[in-house]
Asker: 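Just dropping this structure here.
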2 protein chains.
Amino acid sequence: MQKRNIDDLIERYLSVSFMVMKKAAALVKCELDEDMTNDQYYLLRCIKKKAKCTSTELASLFGVNKSAITAMTNRLVEKGLLQRTRDQNDRRVVYLTLTERGDKWITETEEKIHKLVESFITKFSEEEIEAFIQTYEKLVRIFQEMEGTS
Amino acid sequence: MQKRNIDDLIERYLSVSFMVMKKAAALVKCELDEDMTNDQYYLLRCIKKKAKCTSTELASLFGVNKSAITAMTNRLVEKGLLQRTRDQNDRRVVYLTLTERGDKWITETEEKIHKLVESFITKFSEEEIEAFIQTYEKLVRIFQEMEGTS
DNA sequence: AAAAAATAGTTTAATTATTTAACTATTAAA
DNA sequence: TTTAATAGTTAAATAATTAAACTATTTTTT
């Protein structure tokens, strides 16, 4: 591939990923209750998927410091959506789990977000969206490999 | 397409787009000077591409209120990377343009970011990445149409 | 077993990003 | 020529983030 062509693809990728990132954030926000943020949604989503989760894991998933997670989880604990429990074997570890209200909220919200994604994903053919997601998943694997080596 | 299958694709899309969003943000951050943020990079990038730009345009691109843009541009003006100039015909309008330092910074940073993107984009075949970006671009157009109708 | 090092998480202080509501200045419409 | 609308700013509040210092606990080393 020529240098010109690669530079062109890179530029297109940067523009389009910026626009989708910002637009997707705005669309997700519309589906949330007034007092909830996108990051709070993503945090609760991660915890639901893992069932139980530590600050360290979340910090790694979000790519931020652990103290950022402490601050976020504090707000969610105050809102009654999350609870902390200590590991009995290793008392340094704190597990984060959903409260009943937290579970109810994330379940309802996931339904709204699924409908949102469905509203545009169905505008693509199954082949196109499958190929798109597969490349996306490959990108995740490449990122993970880069992490391991550097 | 069956309901099962769509739900599965939606779930994969949500997971993968979250992971790429967070990971990409972390990688971009690594390329920036200590005192610069990702949003500041994206803001300067947008202004460079448009040459001159208003708060209203940026607020729409970023999907935030105009006052958020005022705050961000204030910081960049204080840093000497951006300047404001009033339109002579319509004195309500303020144009944002790069200072010489701002232009130098974004040019150097774009080079770093391009190298970063190149480091993973070249792990795909030209066909795969072209198809990926085309679907991405189609997604942007769908978002824009949704904006028009709703 | 005692001392040193590593790990998990929190606190604190500072900065950035964001929203909403009220505001100024200017232009366009009635 | 009032009245509307538009462009942008200000102010107060909240959320997200980092870096550095800290507590508590567990693991490793000597």
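Throughout, protein chains are lettered first and strands after them, A, B, ... in sequence-line order, and every chain is numbered starting at 1.
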Asker: May I ask you to decide whether K104(B) forms a salt bridge with E108(B), counting only side-chain N to carboxylate O separations under 4.0 Å?
Answerer: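 Yes, this pair counts.
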Asker: How would you give the extent of chain B contacts on DNA chain C, as first and last nucleotide 5' to 3' within a 4.0 Å heavy-atom cut-off?
Answerer: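 Range of nucleotides within reach of chain B: dT16(C) to dT27(C).
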Asker: Answer yes or no: does a side-chain N or O of S67(B) lie under 4.0 Å from OP1 or OP2 of dG8(D)?
Answerer: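 So the side chain of S67(B) is outside the cut-off, no N or O lying under 4.0 Å from OP1 or OP2 of dG8(D).
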Asker: To the nearest Å, how far apart are R75(A) CZ and dA13(D) P?
Answerer: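 So the CZ-P distance, R75(A) to dA13(D), works out to 17 Å.
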Asker: Is K138(A) salt-bridged to E145(A), going by a charged N under 4.0 Å from an acidic O?
Answerer: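 Looking at E145(A) together with K138(A), the answer is no, because their closest N to O distance does not fall below 4.0 Å.
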Asker: Take the protein atom CD1 of I69(A) and the nucleotide atom C1' of dT17(D), then report the distance between them rounded to whole Å.
Answerer: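 Between C1' of dT17(D) and CD1 of I69(A): 10 Å.
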Asker: Using O4'-C1'-N9-C4 for purines and O4'-C1'-N1-C2 for pyrimidines, with syn meaning within 90° of 0, is dA4(D) syn or anti?
Answerer: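 Nucleotide dA4(D) adopts syn.
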Asker: Start at the 5' end of DNA chain D and walk down; is the nucleotide closest to D90(A) or to D39(A) reached first?
Answerer: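 Going by which nucleotide is closer to the 5' end, it is D39(A).
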Asker: Is T70(A) touching bases, backbone alone, or none of the nucleic acid, heavy atoms closer than 4.0 Å?
Answerer: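 Base: the residue T70(A), judged by heavy atoms under 4.0 Å, touches a nucleobase.
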Asker: Classify the nucleic acid contact of D87(A) as base, sugar-phosphate or nothing, counting any heavy atom under 4.0 Å across all strands shown.
Answerer: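 No contact at all - D87(A) keeps every heavy atom at 4.0 Å or more from the nucleic acid.
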Asker: Rounding to a whole Å, what distance do you find between Y42(A):OH and dA15(D):P?
Answerer: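 Y42(A) atom OH is separated from dA15(D) atom P by 19 Å.
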Asker: Going by heavy atoms in the side chains, are Y41(A) and F18(B) under 4.5 Å from each other?
Answerer: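 Result no, sub-4.5 Å side-chain heavy-atom pair not found.
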Asker: Look at all strands and tell whether N65(B) reaches a base, only sugar-phosphate, or nothing, counting heavy atoms closer than 4.0 Å.
Answerer: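 The answer is base, as N65(B) lies within the cut-off (heavy atoms under 4.0 Å) of a base atom.
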Asker: Could you tell me how far apart E78(B) (CD) and dT9(D) (P) are, to the nearest whole angstrom?
Answerer: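 Atom-to-atom, E78(B) to dT9(D), this comes out as 13 Å.
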Asker: Checking K23(B) against F143(A): charged group under 6.0 Å from the ring centre and within 45 degrees of the axis?
Answerer: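 Verdict for F143(A): no cation-pi partner in K23(B).
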Asker: For dT25(D), what is the paired nucleotide under Watson-Crick or G-U wobble rules, both distances under 3.5 Å?
Answerer: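 Partner of dT25(D): dA6(C).
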Asker: Does one side chain, of T85(B) or K52(B), offer a donor that lies under 3.5 Å from an acceptor on the other?
Answerer: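 Judged by distance alone, the side chains do not pair up.
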Asker: Assign each of V93(A) and R91(B) to its nearest nucleotide of DNA chain C by heavy atoms, then name whichever residue's nucleotide is nearer the 5' end.
Answerer: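 With V93(A) and R91(B) compared, the 5'-side residue is V93(A).
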Asker: Quickly work out the K66(B) NZ to dT10(D) P distance and round it to whole Å.
Answerer: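 My rounded result for the distance is 13 Å.
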Asker: Using purine N1 to pyrimidine N3 plus N6-O4 or O6-N4 for Watson-Crick, or N1-O2 and O6-N3 for G-U wobble, each under 3.5 Å, what pairs with dA4(D)?
Answerer: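 Base partner found: none.
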Asker: What does N38(B) touch in the nucleic acid at a heavy-atom separation under 4.0 angstrom: a base, only the sugar-phosphate, or nothing?
Answerer: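 If one applies the 4.0 Å heavy-atom cut-off, N38(B) turns out to touch nothing in the nucleic acid.
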Asker: Measure the shortest side-chain to side-chain distance between R75(A) and T37(A) over non-hydrogen atoms and say whether it is less than 4.5 angstrom.
Answerer: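 With C-beta onward as the side chain, the pair stays apart.
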Asker: What is the distance, to the nearest angstrom, from the CZ atom on R92(A) to the C1' atom on dT28(D)?
Answerer: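 My rounded result for the distance is 12 Å.
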Asker: How long is the line joining CD of Q88(A) and P of dA24(D), in whole Å?
Answerer: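 Answer to the nearest Å: 18 Å.
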Asker: Under a 4.0 Å N-O cut-off, is there an ion pair linking K48(A) with E110(A)?
Answerer: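 No salt bridge links K48(A) with E110(A).
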Asker: Under 4.0 Å, counting only non-hydrogen atoms across every strand here, what does R86(A) touch: a base, just sugar-phosphate, or nothing?
Answerer: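 Nothing, no nucleic acid heavy atom in range.
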Asker: Tell me which one of I10(A), V16(A), L9(A) satisfies side chain to side chain contact (heavy atoms under 4.5 Å, CB included) with R12(A).
Answerer: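 The single option meeting the side chain to side chain contact (heavy atoms under 4.5 Å, CB included) with R12(A) is L9(A).
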Asker: Can you measure E34(A) atom CD to dA13(D) atom P for me and round it to whole angstrom units?
Answerer: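 Roughly 18 Å, once rounded to whole Å.
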